[in-house]
Amino acid sequence: MSPTPPARRLRLGLPRRVFSQVLLMQVTIAAGVAVLATGLFLAPLSKQLDQEAMRRALAIAQTTAQDPQIAEGVLTTSPSSDGAVQKEAERIRRATHAEYIVVLDTHWVRWSHPTDSEIGHRVSTDPSDALAGREVMEIDEGTLGRSARGKVPLYDARHRIVGAVSVGIAYDSVRARLISAIPGLFAYAGGALAVGALAAWLISRRVQRQTRDLAFSDISALLAEREAMLHGIREGVVALDRGGRVRLLNDEARRLLGVGDEAVGRTPDEALGEGRTTDVLAGRVTGTDLLTVRGQRVLVANRMPTGDGGAVATLRDRTELEQLGRELDSTRGLIDALRAQDHEHANRMHTLLGLLELEMYDDAVEFVGEVVGDHRVTAEQITEKIQDPLLAALLVGKATVAAERGVALWVSERTWLPDRLIDPRALVTVVGNLVDNALDAVAGTLHARVEAELRSEGRTVVLRVRDTGPGIPADQRELVFTEGWSTKEPPAHGKRGIGLSLVRRLAERQGGSATAGAAGGGGAEFTVVLPEALTEPELDPAGRDVSRGPAAVAEQEAR
């Protein structure tokens, strides 16, 4: 036989789901409020009914005492069940539905009573206050049981106190009125409870949708996991609410942005100030993998809107990657330059070999000196004006390729670019594409020439590449940046129309622009503006920008 499964233990306590707990708590609160309100209403109602009964008894007593026959009967007759006082008091009692009307003299002797046998006997309760001229309202026990009483003095025609009138209202009638009011109160309380329960259910349903029917323990676990994840990942996370204010910053975001807890609750403009980083976080600049600069750091930012109208932005630090990749990029640039020189170098070696075989040693020495001198002059001219080694190596290699194709590649006299590039690989891509297109445009033409100009304006880099080719018609100067558009035949191994499109995307990703126009002497001129492409300049104790080079410093001093 299979073992009998253990009996399931009945678990008592609150339900686990947030929806059920909120509903239970709200219904309990509504029921408690309804019971409390009913109790608070019943307590003063009972007292109010007592007061009304006593005031009614007092009013009947006052009316009875004003009857002249009562006072005259007390003075002129003796107490009896068929006397004038008893008849008049009973008439008033029946007319007012009082429990009793007792007329007594100054010796506390009854002259009237609903029970005839009590007439002529002393009253059971003390009438001293009424006989002293004071009106009394009270709830007390008498021969007829508990009643609400009103006692007033009885005056004769000369306004002398000759007795008192005591009127009682049966307390059972007061309690009956209270009991009769309770069903109505409970009906109102039940209606209020039903409305409260319905409202609690609607609110709980909303909470259920917002919490996705999770238990409180699940929500607590999710919050703990979120905190661990946000503060453990090596990527900055910035959450903004629907008003554009910073709602959350993890540790990495604080480090990358250089802010602290004071940024929470403020807009990016208030927390970070003006700049491209602020524009990206605020959503004024859109796109994916947007490059931005914060201090000396290069950041890659992505912003994603959330369902509640807010947004979450992620930040990645590319500064270290840039530093690690520079050596690799420099090596690749040198390899490209050497590959471009390979064909020309072979021709020169053949020429040198021929001169040596012909024993023309002096001519061989002169030839070697000219070749080495030309390369050295070209390299020195470029490296003096362009401090970034990767970009300088690119232009040295392009100059060699241009010479092979019969094109003169010049670096403008206005060129000056310090070694402070934030993203040199992006600028290498831009310069390489523009120079290659210019070489293709002027190749095979007479006096072919390409001029490159790179200069810095603060943290902005301005690049211009001019050529002496046929130029670009005015109606096609925007089309050239369209991906896939080209005037050349596509090669068998791929497609054209990518280079200029990539140039514009790289420029716009960094918040800049790329435009095409006409060069001064004919041909085409491409202009690329890259704001925030350079880090902050280095200043000497005199406040001069030492990274601008000796000529620029001398010009700054002359000014």
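Closest non-hydrogen pair, Ala516 versus Val480, comes out as CB-CG2, 4.4 Å. The heavy-atom pair separating Glu451 from Ser412 by the smallest distance is OE2-CB, 3.3 Å. Nearest heavy atom pair, residue Asp419 against residue Gln387, reads N-CB, 3.3 Å. The two residues Gly236 and Asn250 come nearest to each other via the heavy atoms CA-OD1, 3.6 Å. The minimum heavy-atom distance linking Val461 with Ala533 is given by the pair CG2-CB, 3.8 Å. Counting all heavy atoms, side chain and backbone alike, Pro470 lies closest to Ala441 at CD-O, 3.7 Å.
Under the side-chain contact (heavy atoms from CB on, under 4.5 Å) criterion, Ser513 pairs with Val529, not counting sequence neighbours.
Rounded to the nearest 0.5 angstrom, Asp423 CG and Leu427 CG are separated by 8.5 Å. Note that CG of Leu409 and CG of Leu439 are 6.5 Å apart. Values are rounded to the nearest 0.5 Å. The distance from the CD atom of Glu252 to the CG atom of Leu256 is 4.5 Å, given to the nearest 0.5 Å. Taking CZ of Arg255 as the reference point, atom CG of Leu315 lies at 11.0 Å (rounded to 0.5 Å). Separation of atoms CG (Leu390) and CZ (Arg425) is listed at 9.0 Å; rounding is to 0.5 Å.
Salt bridge absent: Asp388 and Arg420 never bring a charged side-chain N and a carboxylate O closer than 4.0 Å. A salt bridge links Arg466 with Glu453: the distance from a Lys NZ or Arg NE/NH1/NH2 to an Asp or Glu carboxylate oxygen falls below 4.0 Å. For Glu457 and Arg455, the salt-bridge test passes: some basic side-chain N is under 4.0 Å from an acidic carboxylate O. Classification of Asp269 and Arg245 as a salt-bridged pair fails, no side-chain N sitting under 4.0 Å from a carboxylate O. The residues Arg504 and Glu478 are annotated as salt-bridged, a charged nitrogen and a carboxylate oxygen being separated by less than 4.0 angstrom. A salt bridge links Arg247 with Asp308; the closest basic N to acidic carboxylate O contact falls under 4.0 Å.
Applying the 6.0 Å contact sphere to CZ of Arg242 captures no more than 12 heavy atoms from other residues, nucleotides or ligands. Around the CD atom of Glu413, the shell of radius 6.0 Å holds no more than 12 heavy atoms that belong to other residues, nucleotides or ligands.
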request  = I would like to know whether Ile422 and Arg459 meet side-chain contact (heavy atoms from CB on, under 4.5 Å); could you show each step before the answer?
outcome  = CA-CA 10 Å; Ile422 293 173; Arg459 294 181 59 187; 4.0 Å; yes
request  = Under the side-chain contact (heavy atoms from CB on, under 4.5 Å) rule, what do Leu421 and Leu534 come out as? Steps first, then yes or no, please.
outcome  = CA-CA 5 Å; Leu421 285 174; Leu534 298 172; 3.5 Å; yes
task = Carefully, step by step, assess Leu417 and Lys385 under the rule side-chain contact (heavy atoms from CB on, under 4.5 Å).
result = CA-CA 6 Å; Leu417 192 65; Lys385 297 176 182 179; over 6 Å; no
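Side chains of Arg254 and Asp261 form a contact here, defined as non-hydrogen atoms less than 4.5 Å apart. Contact annotation: the side chain of Val528 never approaches that of Val462 to less than 4.5 Å [non-hydrogen atoms, C-beta and beyond]. Under the 4.5 Å side-chain criterion, counting only non-hydrogen atoms from C-beta, Leu257 is in contact with Val238. Between Val259 and Leu249 there is a side-chain heavy-atom pair separated by less than 4.5 Å. Annotation: side chain of Leu391 is in contact with side chain of Leu454 (closest heavy-atom distance under 4.5 Å). The side-chain heavy atoms of Pro268 and Leu240, taken from C-beta on, include a pair separated by under 4.5 Å. A 4.5 Å side-chain heavy-atom check between Ile472 and Phe526 finds at least one atom pair inside the cut-off. Counting only heavy atoms from C-beta outward, the side chains of Val246 and Arg266 never approach each other to under 4.5 Å.
A donor-acceptor pair under 3.5 Å is formed between the side chain of Glu270 and the backbone N or O of Thr267. Side chain of Thr278 to backbone of Gly273: a donor-acceptor contact under 3.5 angstrom is found. Glu262 contributes a side-chain N or O that, together with a main-chain N or O of Gly260, makes up a donor-acceptor pair within less than 3.5 Å. In terms of modelled atom types and a separation under 3.5 Å, the side chain of Asp467 and the main chain of Ala524 share a donor-acceptor contact.
In summary, of the residues considered (Thr415, Thr383, Val431, Val428), a side-chain contact (heavy atoms from CB on, under 4.5 Å) with Leu395 occurs for Val431 alone. Only one option out of Val280, Asn302, Thr277 pairs with Leu290 in a side-chain contact (heavy atoms from CB on, under 4.5 Å); it is Val280.
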